[in-house]
Amino acid sequence: MTVKSSISLTDEQHSFAKHLVKAGRFQSVSAVLQQGVELLRRQMETDDMERAALAELLTRRRAGKFVSGKKMDDQLSRLFASKRREHGVQD
């Protein structure tokens, strides 16, 4: 089902949409706008999923074990030294 809707575009937006139609990329200005709305819907869904995933990750991290900055620096130093030895890189 389609619904007719009246919209307003800037001159630049209308010119761009008409250019896409003239270039054969879309059948009509309406098709250009439909595609734009669909892309916006998908982007918003993706943003919502990413926000939910980040919230879940933060919740898990808050519930996990934290280490001090000093301990993390020490762990990273040991890891870097190990990788340098492994790859034959001198300090």
Completion exercise
d(M72 CE, S77 OG) to nearest 0.5 Å is 11.5 Å
Handout entry: Test side-chain contact (heavy atoms from CB on, under 4.5 Å) applied to V37 - qualifying residues, sequence neighbours left out
Key = none
Handout entry: Non-neighbouring partners of Q27 that pass side chain to side chain donor-acceptor pair (under 3.5 Å), sequence neighbours left out
Key = none
Completion exercise
In this structure, CD of Q75 is separated from OG of S68 (nearest 0.5 Å) by 8.5 Å
Completion exercise
Apart from M49 itself, members of its ILVMFWY cluster (side-chain separation under 4.5 Å) are none
Handout entry: E12, CD: over 12 other non-hydrogen atoms inside 6.0 angstrom
Key = no
Completion exercise
Residues at least two apart in sequence or cross-chain that pass side-chain contact (heavy atoms from CB on, under 4.5 Å) with F16, listed by chain then number, are L20
Handout entry: Summary of salt bridge (Lys or Arg N to Asp or Glu O under 4.0 Å) pairs that have at least one residue in residues 22-39, sequence neighbours excluded
Key = E38-R41, E38-R42
Exercise for the section: Working to the nearest 0.5 Å, report the span between CZ of R51 and OG1 of T46. Expected result: 10.5 Å
Practice task
Assess whether atom CG of D11 is packed by more than 12 heavy atoms of other residues, nucleotides or ligands within 6.0 Å.
Solution key: no
Completion exercise
Across all chains, not counting sequence neighbours, the side-chain contact (heavy atoms from CB on, under 4.5 Å) partners of H14 are L9, K18
Could you list the donor-acceptor pairs under 3.5 angstrom formed between side-chain atoms of residues 53-66 and any protein atom two or more places apart in sequence or on another chain?
residue : atom : partner : partner atom : Å
E56     : OE2  : R60     : NE           : 2.9
T59     : OG1  : A55     : O            : 2.9

Handout entry: Residues forming a side-chain contact (heavy atoms from CB on, under 4.5 Å) with Q90, sequence neighbours excluded
Key = none
Exercise for the section: Would you list the pairs meeting salt bridge (Lys or Arg N to Asp or Glu O under 4.0 Å) in which at least one residue belongs to residues 67-77, sequence neighbours left out? Expected result: K70-D74
Completion exercise
Scanning both residues in full, the closest heavy-atom pair of A17 with V29 reads CB-CG1, 4.0 Å
Handout entry: Non-neighbouring partners of T10 that pass side chain to side chain donor-acceptor pair (under 3.5 Å), sequence neighbours left out
Key = Q13
Handout entry: Fellow cluster residues of V89, listed by chain then number, with links counted only when side-chain atoms sit under 4.5 Å apart
Key = none
Exercise for the section: Check side chain to side chain donor-acceptor pair (under 3.5 Å) between D47 and all other residues, then give those that pass, not counting sequence neighbours. Expected result: Q43
Handout entry: ILVMFWY cluster, F80 and V67 together (side-chain gap under 4.5 Å)
Key = yes
